[in-house]
Amino acid sequence: MAFSEQAQKAYLGFQQAFGDTEGVRVFFAPGRVNLIGEHTDYNGGHVFPCAISFGIYAAVRKRADRKLRFLSANFPQVGIAESSLDELVPSADGKWINYPMGVIWAFERAGEILHRPEVGSLKLNEGMDISIYGDIPSGAGLSSSAAMEVLIGTILRELYGFSMLSNQDLALIGQYSENEFNGMKCGIMDQFASAMGKEGCAIFLDTNTMVYEYAPIDMKGMKLMITNTKKKHQLVDSEYNLRRQQCAEAIRQLQTVCPDKKALGEFSIEEFEAVKNVITDPVVLKRAKHAVYENQRTIEAVAALKVGDLVRFGKLMNESHVSLRDDYETSCEEADILAEEAWKMPGVLGSRITGGGFGGCTVSIVREETVPEFIEKIGAIYLEKVGHDADFYELEISGGPRELVP
Ligand code: GLA
């Protein structure tokens with residue numbers, strides 16, 4: 001028996017960098033794709049993501065001292081990055097190790113993050129050597145950072161005996177580390193999808209209550225396709241954080257007439273339409289409209305899926321894209337081309353940008369027999385209009401984080 005090719009890359013990297021593999025353990029955590037429910041997770045709304053077969057692999061071993069040594073096969077030019085348990089501060093040059101470091105830092109605040117004082121501060125007394133390899137296409141918006149956070153959380157739990165932590169706890173700690181250590185004020189969706197992933201299922205999560213349900217994805221002769229714009233996106237964090245502020249402003253103004261509402265996700269469309277005019281800034285109003293309508297679309301989409309109505313599901317995906325393009329303004333030209341060209345094809349039921357936006361991927365429902373034509377046609381138009389190609393992958397829904405054995 002042997003490790004998969006990807007796991008082997010992490011394992012061999014370990015051997016080359018740190019000498020031997022005595023006692024080394026190998027772990028995996030998945031990335032995610034969101035089927036519908038975008039920018040709703042920090043508005044107390046619903047999301048519908050699933051974990052994917054792309055993810056991050058790590059070969060890891062505890063050390064006897066307090067050193068931390070990191071290696072990534074994805075950033076060979078960085079080589080071994082060294083730090084220690086006494087230096088848990090983000091480095092200004094934004095090195096990738098800020099993600100694992102952030103999780104180790106957040107574990108020290110676990111009791112507080114989870115509102116469970118009995119958990120206390122989970123401090124490590126020994127450091128580790130860790131070698132990473134990820135096969136999530138870089139910059140694709142498929143949550144490599146969440147995969148990294150969940151991976152490190154899983155490793156800390158398994159290696160250091162923090163068995164009081166559930167996978168959901170790992171998601172919350174990962175989100176906290178990204179918010180507070182890395183300064184990206186993300187919602188819970190990505191970490192939750194990675195930590196709670198289940199093969200063959202998407203996760204219908206109400207971020208207001210954290211109640212969730214697994215929905216089997218039975219595509220009935222359809223395929224879920226991911227298309228990567230390969231756009232190098234910039235300013236994502238600052239634009240993202242700005243959207244959050246705009247939504248916070250919207251709810252603040254709405255509360256002047258609806259004091260009981262705590263989040264945009266608590267509004268039905270009728271309730272919102274009745275009071276929306278208290279929002280004075282037209283841009284803030286558009287953002288709020290997206291958050292409210294997208295949440296309702298997500299609820300409706302999951303209901304449609306449950307009765308096997310993929311046509312309706314696809315239409316709602318298209319509406320989601322239009323709303324992200326026009327009201328939330330987190331799409332980009334490249335993703336618009338992919339989605340809009342897909343809508344023109346008879347064998348495509350729905351297509352939308354997925355994830356935080358400003359680049360990344362679209363997700364589409366395509367009839368199985370149309371897939372080759374989809375790739376060829378959309379690929380050619382994209383190349384012509386954008387000047388570089390797009391990548392196409394068939395979505396494979398994966399399980400959550402796990403230890404791998406050869
Ligand atoms: C990013 C964030 C998520 C979520 C999406 C948009 O992926 O990390 O929390 O807000 O954007 O739906």
Side-chain angles (χ1 to χ4, degrees), residues 29-52 54 99 102-103 136-150 168 171-197 202-208 210 212 226 228-229 233 235-248 263-265 287-288 290-298 301 316-317 319-321 323-325 327-332 335 352-363:
R32 68 94 187 90
V33 72
N34 189 21
L35 300 180
I36 193 162
E38 218 65 82
H39 292 279
T40 48
D41 64 345
Y42 50 85
N43 285 310
H46 293 74
V47 291
F48 196 48
C50 53
I52 57 177
F54 294 133
Y99 290 93
V103 177
I136 303 177
S138 100
L142 300 176
S143 289
S144 52
S145 52
M148 177 70 83
E149 289 147 10
V150 169
Q168 194 165 333
L172 288 164
I173 295 173
Q175 180 202 15
Y176 186 90
S177 79
E178 184 152 346
N179 288 174
E180 305 305 326
F181 198 85
N182 292 288
M184 160 71 173
K185 302 292 181 190
C186 62
I188 189 60
M189 169 170 74
D190 304 347
Q191 292 79 6
F192 197 92
S194 177
M196 303 296 286
I203 312 169
F204 184 42
L205 168 68
D206 178 350
T207 62
N208 213 11
M210 294 305 280
Y212 66 95
I226 298 176
N228 187 357
T229 62
H233 48 204
L235 296 177
V236 181
D237 293 12
S238 57
E239 282 293 329
Y240 183 94
N241 292 347
L242 176 62
R243 295 299 180 284
R244 278 203 81 146
Q245 285 166 21
Q246 289 165 332
C247 289
L264 294 172
R287 307 298 190 244
H290 168 79
V292 171
Y293 278 71
E294 178 76 356
N295 181 43
Q296 297 303 326
R297 260 193 295 275
T298 306
L316 291 161
M317 285 173 79
E319 286 177 20
S320 166
H321 184 90
S323 179
L324 289 160
R325 185 191 65 192
D327 288 335
Y328 218 64
E329 295 177 279
T330 52
S331 186
C332 61
R352 59 179 289 274
I353 187 169
T354 180
F358 310 104
C361 293
T362 59
V363 57

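Just so you know, ligand 1 is whichever comes first in the structure, and atom 1 is the first atom listed for that ligand. Numbering of residues begins at 1 and proceeds along the displayed sequence.
Rounded to the nearest 0.5 Å, atoms CG (Leu172) and CD (Glu149) are 12.0 Å apart.
Side-chain atoms of Asn241 come within 3.5 Å of backbone N or O of Gly183 as a donor-acceptor pair. A donor-acceptor pair under 3.5 Å is absent between the side-chain atoms of His46 and the main chain of Thr207, judged by distance alone.
For the residue pair Ser320 / Arg297, no side-chain donor-acceptor distance below 3.5 Å is found, with atom types taken as modelled.
Here the shortest heavy-atom distance to atom 11 (O) of ligand 1, taken over Gly356, Gly141, Ala193, Ser145, belongs to Gly356. Across the listed options Arg243, His39, Glu178, His39 owns the non-hydrogen atom lying nearest to atom 6 (C) of ligand 1. Comparing Ile36, Asp41, Asn43 against atom 4 (C) of ligand 1, the shortest heavy-atom distance belongs to Asp41.
The atoms of ligand 1 that sit less than 4.0 Å from any heavy atom of Glu38 are 6 (C), 12 (O). Residue contact check: Gly187 has heavy atoms under 4.0 Å from atoms 9 (O) of ligand 1. Atoms of ligand 1 lying under 4.0 Å from at least one heavy atom of Tyr42, given by number and element, are 10 (O).
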Arg244 and Glu239: CA distance, side-chain angles, deciding distance, salt bridge (charged side-chain N to carboxylate O under 4.0 Å, His left out) verdict: CA-CA 9 Å; Arg244 278 203 81 146; Glu239 282 293 329; over 6 Å; no
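Counting heavy atoms from C-beta on, the side chains of Leu264 and Cys247 come closer than 4.5 Å.
Distances between N or O atoms of Asp190 and those of ligand 1 include at least one value under 3.5 Å. Residue contacts with ligand 1: Tyr240 is placed with a nitrogen or oxygen under 3.5 Å of a nitrogen or oxygen of the ligand (distance criterion only). Residue Cys186 has no N or O atom closer than 3.5 Å to an N or O atom of ligand 1.
For atom 5 (C) of ligand 1, the nearest non-hydrogen atom of the protein is Met189 CE, 3.7 Å.
The shortest heavy-atom distance from Arg32 to ligand 1 is under 4.0 Å.
A salt bridge links Glu329 with Arg287: the closest approach of a Lys/Arg side-chain nitrogen to an acidic carboxylate oxygen falls below 4.0 angstrom.
For Tyr240 and Tyr42, the distance between ring centers is under 6.0 angstrom.
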